[in-house]
Amino acid sequence: MPYIDDSPSSSPQLSSKSRGSRDTVSSGSLESSKSSEPDLEKGLEMRKWVLSGILASEETYLNHLKALLLPMKPLKAAATTSQPVLTNQQIETIFFKVPELYEIHKEFYDGLLPRVQQWSHHQCVGDLFQKLASQLGVYRAFVDNYEVAVETAEKCCQANTQFSEISENLKIRNTKDVKDQNTKNSLEALLYKPVDRVTRSTLVLHDLLKHTPVNHLDHPLLQDALRISQNFLSSINEEITPRRQSMTVKKGEHRQLIKDGFLVELVEGARKIRHVFLFSDLFLCAKMKKQIAGKSQQYDCKWYIPLADLSFQNLDETDSSYIPLVPDEELDTMKIKISHIKNEIQREKRANKGSKVIERLKKKLSEQESLLLLMSPSMAFRVHNRHGKSYTFLISSDYERAEWREIIREQQKKCFKSFSLTTVELQMLTNSCVKLQTVHNIPLTINKEDDESPGLYGFLNVIVHSATGFKQISNLYCTLEVDSFGYFVNKAKTRVYRDTLEPNWNEEFEIELEGSQTLRILSYEKCYNKTKFPKEDAEITDNIMGKGQIQLEPQALQDKDWQRTVIGMNGIEVKLSMKFTSREFSLKRLPSRKQTGVFGVSIAVVTKRERSKVPYIVRQCVEEIERRGLEEIGIYRVSGVATDIQTLKASFDTNNKDVSVMMSEMDVNAIAGTLKLYFRELPAPLFTDELYPNFAEGIALSDPVAKESCMLNLLLSLPEPNFTTFSFLLDHLKR
């Protein structure tokens with residue numbers, strides 16, 4: 001899905017209009033009351049979509065409960081025979097309260113369905129939610145028995161192969177039109193569904209209340225249902241998902257901590273957050289133990305390598321290790337969730353809501369940011385113990401990888417002897433990490449102080465002019481990195497300037513900033529004559545000649561003129577010019593005044609003129625990107641050269657017949673940049689000004705099934721050219 005951010009600066013339509021409408025009505029101003037009516041209508045329409053989503057979610061949940069109940073009857077029948085699979089007591093324990101839960105939700109679904117089908121804005125459903133909330137006591141019994149049920153099921157699986165086979169192949173009926181009407185799930189996964197359902201019950205009610213006017217008959221009933229649900233949840237001990245960790249290091253008698261930080265380790269294909277400690281004589285990888293109440297923080301040492309035995313492992317073509325990359329669309333979905341939670345926290349603060357609500361949201365934010373930091377890195381950093389064992393970390397920034405390599409190599413110059421630690425010595429060293437740690441938290445925005453700068457949001461135009469200070473003639477290029485969502489990512493790359501001491505690139509890039517505070521630049525020597533290695537190990541093939549960084553100071557960049565600067569790096573100087581455009585201005589759309597061309601002209605006008613369903617520019621750019629850009633790392637993320645993008649823009653606007661030839665000769669990132677620019681310069685967003693607030697509300701819904709149903713309804717409400725173009729883009733992005 002495209003990135004939808006509901007912060008006030010990104011969408012003026014999402015200001016406090018809807019919240020303020022009720023206040024306006026109560027003031028008695030007839031004119032204001034009339035102006036609020038369209039907002040009220042939109043809110044009530046959104047209420048219908050939310051309820052449709054809840055209905056779809058209920059249907060899915062009922063299918064899960066039905067799948068749980070399916071083996072129960074034959075198991076009970078077998079229990080009375082001479083060869084029972086399970087005893088009656090075991091069946092009762094494993095499936096405790098599942099039939100009752102099914103009946104409660106079946107009654108709720110059967111009551112809600114006809115009311116949604118016969119919808120009007122005056123339709124009431126609050127009584128159904130109130131009754132459902134009053135029956136939460138059944139969930140209390142289920143939750144209290146949950147651990148015993150799972151433990152009993154595990155023991156029965158180990159003791160009886162027949163039951164093990166049954167519990168791993170429970171069939172769930174799909175509600176969607178798919179070829180295979182059934183999907184398989186395990187008993188353990190299905191037993192967790194009610195636990196998950198009840199812990200999210202208040203979120204569903206929050207979603208519905210948000211779109212129910214205060215004067216609607218449902219409002220007091222839904223508030224009562226929410227109160228009951230909140231009281232219920234606060235009275236039970238919720239099972240919490242495993243928590244992320246943070247760690248630190250200690251000084252020994254002859255041992256000093258040089259550097260520590262959080263890295264993602266790849267362990268048998270799974271990503272794990274580790275705290276790594278570089279001491280003066282060894283490199284240690286630790287995991288934080290789950291903290292027990294009343295006890296201090298503790299670390300578990302996963303492994304260590306004496307620096308005398310450590311080397312950086314280069315890849316060869318026979319290396320079978322595989323780095324599982326997370327698709328960009330999944331990372332974007334995580335960013336969307338993070339943005340919405342941040343906006344929700346700000347709204348709750350402005351409304352002076354209780355600290356419990358804010359703390360709950362901060363907990364969700366921490367979980368989402370931790371997940372993003374875990375899943376985003378894709379660049380391999382391998383360390384090798386000369387006794388045979390190798391370890392792989394994943395890093396998102398070549399700058400950081402080079403930093404670790406440099407500091408380890410510098411320290412190795414002082415280390416000559418190999419050694420091994422006794423169990424007691426290793427334990428003492430690991431315990432000391434808690435006291436010596438310098439990096440106490442994973443770099444999440446949730447861990448920032450309230451008075452810290454939130455960073456810059458908008459677009460940074462950077463011209464990389466030239467560089468001096470190289471010692472020998474080389475093939476040279478630069479890359480630019482910025483921090484975003486707590487980690488650094490590569491955003492732009494200049495062309496390779498061949499056989500020179502003083503490259504003059506003079507290339508302009510437009511870089512999107514998302515809470516960014518630092519711009520990093522790396523200078524490389526391109527090595528054409530080495531063995532080809534996978535792209536994520538670019539450092540192996542190309543030499544880093546220098547690296548430097550500059551803080552992005554909001555005050556210094558507020559001036560709309562270009563700011564010239566020089567970044568020094570190991571005797572090399574790179575000349576840059578920068579200009580910042582805030583999100584408030586960069587996303588401001590201008591009304592269409594053009595009658596010709598395609599940029600800045602509405603999609604409906606362009607498709608009608610071309611007699612096409614999807615604009616020609618969109619089809620051409622997508623075709624070229626799919627021809628040679630699908631394997632490009634960072635496509636749509638790495639900036640193309642601004643002059644190339646402007647050239648393509650002019651060609652499309654003048655209907656240049658050679659545009660296809662021009663595109664085939666240009667860097668694919670410039671083509672992706674042209675496509676992004678086209679959508680940015682549309683006089684109205686693809687999701688339309690009218691529906692944009694509803695899309696933002698829909699994507700913030702708590703229940704995934706409800707969210708999907710709501711978003712589909714909204715998409716089908718788009719004008720035909722917008723919907724067709726979006727569908728075309730979606731098919732492309734799925735590839």
Side-chain angles (χ1 to χ4, degrees), residues 46-70 72-73 95-143 170-178 181-183 185 189-212 216-218 221-226 228-229 232-233 698 701-713:
M46 190 68 189
R47 177 174 141 89
K48 176 193 172 182
W49 285 329
V50 170
L51 279 167
S52 298
I54 291 171
L55 199 63
S57 177
E58 277 294 313
E59 189 177 355
T60 302
Y61 182 50
L62 281 170
N63 285 336
H64 288 147
L65 293 176
K66 200 181 288 183
L68 261 180
L69 290 171
L70 205 60
M72 191 175 163
K73 195 171 180 180
F95 299 97
F96 186 67
K97 295 296 177 185
V98 176
E100 290 88 339
L101 290 176
Y102 179 80
E103 289 305 320
I104 288 168
H105 282 272
K106 183 74 169 65
E107 183 185 356
F108 173 74
Y109 178 83
D110 289 344
L112 186 61
L113 179 62
R115 298 194 196 186
V116 173
Q117 287 175 337
Q118 298 159 20
W119 184 254
S120 77
H121 292 334
H122 302 292
Q123 182 68 273
C124 289
V125 294
D127 58 310
L128 297 176
F129 284 91
Q130 195 179 37
K131 185 175 181 182
L132 186 66
S134 70
Q135 296 171 305
L136 284 172
V138 179
Y139 275 99
R140 151 80 72 176
F142 181 89
V143 170
L170 295 175
K171 290 184 178 179
I172 301 166
R173 182 174 172 77
N174 287 316
T175 55
K176 298 173 189 173
D177 290 331
V178 289
Q181 285 293 313
N182 296 299
T183 55
N185 228 313
L190 289 175
L191 281 173
Y192 185 70
K193 295 293 180 184
V195 178
D196 180 55
R197 191 77 177 179
V198 74
T199 54
R200 289 192 291 111
S201 59
T202 57
L203 300 177
V204 171
L205 284 164
H206 272 297
D207 288 337
L208 189 53
L209 261 170
K210 197 188 299 181
H211 302 288
T212 302
H216 196 287
L217 290 173
D218 260 354
L221 298 175
L222 292 172
Q223 275 193 321
D224 189 50
L226 179 61
I228 295 168
S229 298
F232 172 75
L233 283 180
L701 292 177
S702 314
D703 189 288
V705 180
K707 183 190 297 184
E708 183 182 342
S709 171
C710 180
M711 295 301 279
L712 280 172
N713 278 315

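Heavy atoms only: backbone and side chains are in, while hydrogens, waters and symmetry mates are out.
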If we only count heavy atoms from C-beta on, is the S57 to R197 side-chain gap below 4.5 Å? yes

Given side chains that start at C-beta, do those of D703 and I54 come closer than 4.5 Å, heavy atoms only? no

Are the aromatic rings of F108 and F129 close, with centres under 6.0 Å apart? yes

Measure the spacing between CG of L226 and CG of L203 and express it to the nearest 0.5 Å. 9.5 Å

Could you measure the distance from the CG atom of L65 to the CD atom of E100? Nearest 0.5 Å is fine. 11.5 Å

Sequence neighbours left out, what passes side chain to side chain donor-acceptor pair (under 3.5 Å) with D218? Give chain and number order. R47

When rounded to the nearest 0.5 angstrom, what distance separates CG in L205 from OG in S229? 5.0 Å

Scanning both residues in full, the closest heavy-atom pair of A133 with I228 reads O-CG2, 3.5 Å

Give the intermediate values and the outcome of salt bridge (charged side-chain N to carboxylate O under 4.0 Å, His left out) for residues K707 and D207. CA-CA 10 Å; K707 183 190 297 184; D207 288 337; over 6 Å; no

Are any of the side-chain heavy atoms of F232 and T202 separated by less than 4.5 Å? no

Hey, does L712 have a side-chain heavy atom less than 4.5 Å from the side chain of E708? yes

I want to check something: taking the side chain as every heavy atom from C-beta on, are W119 and H121 in contact at a cut-off of under 4.5 Å? yes

Is there a side-chain contact between M46 and K210 in this structure, where contact means two heavy atoms from C-beta onward sitting under 4.5 Å apart? no

Quick one: CG on L128 to CG on L51, what's the gap to the nearest 0.5 Å? 9.5 Å

Any Lys/Arg nitrogen of K106 or D110 sitting under 4.0 Å from an Asp/Glu carboxylate oxygen of the other? yes

Considering the options N713, L209, L701, L55, which one meets the side-chain contact (heavy atoms from CB on, under 4.5 Å) requirement together with V50? L701

Can you check side chain to side chain contact (heavy atoms under 4.5 Å, CB included) on F95 and L191, steps first, answer last? CA-CA 8 Å; F95 299 97; L191 281 173; 5.6 Å; no

Does the side chain of M72 reach to within under 4.5 Å of the side chain of L69, using non-hydrogen atoms? yes

Does Q123 reach the main-chain N or O of V116 with its side chain, forming a donor-acceptor pair under 3.5 Å? no

Side chain to side chain donor-acceptor pair (under 3.5 Å) involving H105 - partner list, sequence neighbours excluded: E58, Y139

At what distance, to the nearest 0.5 angstrom, does OG of S120 lie from NZ of K48? 10.5 Å

Non-hydrogen side-chain atoms of E59 and L113 separated by less than 4.5 Å: no

Looking at every heavy atom in both L170 and A67, which two are closest together, and how far apart are they? CD2-O, 4.0 Å

Distance from K193 atom NZ to H64 atom NE2, nearest 0.5 Å? 4.5 Å

Looking at S709 and V705, would you say the former's side chain and the latter's main chain have a donor-acceptor pair under 3.5 Å? no

